[in-house]
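Remarks on the structure that follows.
Numbers restart at 1 for each chain; the letters A, B, ... are given by sequence-line order, proteins then strands. Side-chain atoms are counted along with the backbone in the values below, which use heavy atoms only and exclude waters and symmetry mates. All values derive from a computational prediction rather than experimental measurement.
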Amino acid sequence: MNLSQWVYLEDISEHVGEDVEIRGWMFNKRSSGKIHFLQLRDGTGFIQAIVEKSSTDEEVFKTADSLRMESSVVVEGRVREDKRSPYGYELDVKNIEVIQIPSEDYPISKKEHGIDFLMTNRHLWLRSKRQFHILRIRDEVIRATREFYHSKKFVLVDTPIFTGAIGESAGETFSVKYFDLGKAYLAQTGQLYLEAAIMALGKVFNLGPTFRAEKSKTRRHLTEFWMNEAEMAYYTSDDNMTFQEELISYIVKRVLEKASEHLEAIGRDVKPLEKVKAPFPRISYDEAVKLLQKKGFDMKWGDDIGGDEETGISVEFDRPVMVYNYPGNIKAFYMQPDPNNPKVVLCNDMIAPEGYGEIIGASQRIHDPDLLIEKIKEFNLPVESYDWYVDLRRYGTVPHSGFGMGIERLVAWICKLDHIREAIPFARTIYRIHP
RNA sequence: UCCACCAUAGCUCAAUCGGUAGAGCAUCCGGCUGUUAACCGGAGGGUUGUAGGUUCGAGUCCUACUGGUGGAGCCA
């Protein structure tokens, strides 16, 4: 073959003046008859490769001429800095080894496409530049999330995907046949299992897929989404909120440090992100209702805060907002009532700026076994299924708190995406499971 | 589950009051030695989502269905 070293485009700046080999794909070509401009991609970056008729082997020039969109190629050439290139560097081609020239037209064209077409071709759409950058940002968000927990001495506890009839509420789960044991349900949350784990490990987190069978069709919903949940023994609701704002601040800071080129590439204005530093504003549900009424929203105390209301609140602030202590009857059964006001429970939602809505749902959990059983009954849930969950309160119960953070909602906000489906490689929505 | 909108060339979209189906991109042929979603010239490409209906005449109006999109509710 040849003596050139295989290098990745993300490292190309270290190889100026050298002969190197790039293994990748040609995603576009511009030609002027006696000069070809090959736009190459290798999964780590982009480069423009130059093939001149006067200075290149005739066979190589012909090969370059024959390449079509998405041809896979190993290209050998010399690296040169050049401001005329869209990527700052160019490759003067010496040889091209064709792996495959597609025999059919590549479906994704350079012009715009509709969302139906793009989702049907999601397996190919992933190759587009914008998707490349978004997926790299998602990678950084998840990396930062894990880093933060480990820096705070949390232990990763992977919670089960198959669960019995137990969760936040029944009726919105996917079910599958499970041997002779009847139905199993796909996890809507790992929270209850994390509550078990904190009694062994103190502070724990998970990060994995979650499933919701609600027939939601909005830009904020997926049927399968990735959630990070955390649970902390002896944390009050206040401790919980302080922890959440540190987590979000850390993730945003980390993405700005490590993935700013990707944010820039997708046109994300980073100024709003630079303001995301703890502490975040906190307003009680009572205050939120008054604020919304003053702004002309038709709502009264006891109503839930919907999407429009969330935006109405978030536009008042330049950072994520935490709304705390909602009425108990619009929240889950396991939330600890406020000792100072039994009508509300100790909980909080975190609302992202710029209209992105709820990214965290959090609460302090009931730790008294009798009160928990009372609430399970009050919410008409099957007490038998929650036997082990109540058990946690029978043996050395402690006050504790936790939350769930939607990874795709976080990514969508950080990238300022129009729709959450671009924040995950293969979105699952109610009318789409292919590819 | 409910409400609204959309469906015309491979893709993105036009088509006036109901009167012979059109463009850009992609593809193929030709031209061009610095292109930047390259450009210039030429060519091919259509059962207008499906089934009915109204009409002299339907891409256009009506009904049903299918597929999709956005939103409500619900939530992360």
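Look at CG on A:Asp304: it is 13 Å from P on B:A72, rounded to the nearest Å. Summarising the geometry, the separation between CG on A:Asp116 and C1' on B:U69 is reported as 8 Å, rounded to the nearest angstrom. Rounding to whole angstrom units, CZ of residue A:Arg30 and P of B:C25 are separated by 15 Å. Taking atom CE of residue A:Met26 and atom P of nucleotide B:A26, one finds them 12 Å apart after rounding to whole Å. Rounded to an integer number of Å, the gap from A:Leu222 CG to B:A76 P is 14 Å. Counting to the nearest Å, the P atom of B:G71 and the CD atom of A:Glu214 are 16 Å from each other. Summarising the geometry, the separation between OH on A:Tyr106 and P on B:A37 is reported as 18 Å, rounded to the nearest angstrom. Put simply, CZ on A:Phe37 is 13 Å from P on B:A37, counting in whole angstrom units.
Which of B:U33, B:A72, B:G68 sits closest to the side chain of A:Arg432 comes down to B:G68. Of the listed nucleotides (B:G71, B:A76, B:U27), B:G71 has the atom at the smallest distance from the side chain of A:Lys217. Taking every side-chain heavy atom of A:Ile420 into account, B:A76 is the closest of B:C32, B:A76, B:U12. Nearest to the side-chain atoms of A:Ile115 among the listed nucleotides B:G71, B:C25, B:U69 stands B:U69. Taking the side chain of A:Arg84 as heavy atoms from C-beta on, and the options B:U12, B:U35, B:U69, the nearest nucleotide is B:U35. For A:Arg68, counting side-chain heavy atoms from C-beta on, the closest listed nucleotide (B:U27, B:U69, B:G73) is B:U27. The A:Gln48 side chain lies nearest to B:G34 when the options are B:U69, B:G34, B:G70. Residue A:Glu310 has its side chain nearest to B:C75 when only B:C28, B:C75, B:U35 are considered. Set against B:U35, B:G68, B:A26, the side chain of A:Glu90 has B:U35 as its closest nucleotide.
Taking atom P on both B:A26 and B:G41, the two are 14 Å apart, rounded to the nearest angstrom. Comparing the C1' positions of B:C40 and B:G57 gives a spacing of 42 Å, expressed to the nearest Å. Comparing the P positions of B:A72 and B:C65 gives an interatomic distance of 25 Å, to the nearest angstrom. B:C11 and B:A43 are spaced 23 Å apart, taking the P atom of each and rounding to whole Å. The gap from the C1' atom of B:G73 to that of B:C3 amounts to 11 Å, rounded to the nearest Å. The same atom, C1', is picked in B:C29 and in B:G44; the two are 11 Å apart, to the nearest Å. Spacing between B:G49 and B:G59 at atom C1', rounded to whole Å, works out to 12 Å. With both ends at atom C1', the span from B:A14 to B:U48 equals 13 Å, rounded to whole Å.
Between A:Phe205 and A:His150, the ring centre distance stays below 6.0 Å.
Residue A:Thr210 is classed as having no contact, given no heavy-atom separation below 4.0 Å to the nucleic acid. A:Arg220 comes within contact range of at least one nucleobase, with a heavy-atom separation under 4.0 Å. At the heavy-atom level, A:Glu408 lies nowhere under 4.0 Å from the strands shown. Residue contacts shown for A:Phe117 are limited to sugar-phosphate atoms, with no base heavy atom under 4.0 Å away. In this structure, A:Asn28 reaches the sugar-phosphate backbone alone: every heavy-atom distance under 4.0 Å involves primed, P, OP1 or OP2 atoms, never a base. Using a 4.0 Å heavy-atom criterion, one finds that A:Ile407 contacts no nucleic acid atom at all. Here A:Glu52 lies in heavy-atom contact (under 4.0 Å) with a base.
Look at A:Glu310 and A:Arg409 and you find no salt bridge, because none of the NZ, NE, NH1 or NH2 atoms lies under 4.0 Å from a carboxylate O. Salt-bridge annotation for A:Lys290 and A:Glu287: absent, with no side-chain N of the basic residue lying under 4.0 Å from a carboxylate O of the acidic one.
Between A:Lys110 and B:C25 there is no side-chain N or O to OP1 or OP2 distance below 4.0 Å.
Position along RNA chain B of the nearest nucleotide to A:Arg421 versus A:Ser54 favours A:Ser54 as the more 5'-ward residue. Between A:Asp82 and A:Asp308, the one whose closest nucleotide on RNA chain B sits nearer the 5' end is A:Asp82.
Residue A:His221 places a side-chain atom within donor-acceptor reach of the base of B:C75, judged by atom type and a 3.5 Å distance cut-off alone. Applying the 3.5 Å distance criterion, the base of B:C75 shares a donor-acceptor pair with the side chain of A:Arg409. For A:Ser216 against B:G73, a side-chain N or O and a base N or O form a donor-acceptor pair under 3.5 Å.
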Worked verdict on A:Phe426 versus A:His123 for ring pair (Phe, Tyr, Trp, His ring centres under 6.0 Å): CA-CA 8 Å; A:Phe426 295 94; A:His123 54 298; 8.0 Å; no
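Where RNA chain B pairs in unbroken runs of 3 or more (Watson-Crick or G-U, both distances under 3.5 Å), the stems are B:1-7 with B:66-72, B:10-13 with B:22-25, B:27-31 with B:39-43, B:49-53 with B:61-65.
Looking at every heavy atom in both residues, A:Glu70 comes nearest to A:Phe27 through OE2-CB, 3.7 Å. When every heavy atom of A:Ile251 is checked against every heavy atom of A:Leu410, the shortest pair comes out as CD1-CD2, 4.0 Å.
Remark: side-chain polar atoms of A:Gln244 are paired, donor with acceptor, to backbone N or O of A:Asn240 under 3.5 angstrom. Looking at A:Ser71, its side chain never comes within 3.5 Å of a backbone N or O of A:Met26 through a donor-acceptor pair.
Proximity of A:Cys415 to A:Ile266: side-chain heavy atoms (C-beta onward) are separated by under 4.5 Å at one or more points. Between A:Lys258 and A:Arg143, the closest side-chain pair of non-hydrogen atoms is not below 4.5 Å.
A glycosidic torsion no more than 90° from 0 defines the syn conformation, and B:C17 adopts it.
Judged by ring centres under 5.5 Å apart and planes tilted less than 30 degrees, A:Phe225 stacks against the six-membered base ring of B:A76.
Using bins of under 30°, 30° to 60° and over 60° for the plane-to-plane angle, the ring pair A:Phe403/A:Phe243 lands in the tilted bin.
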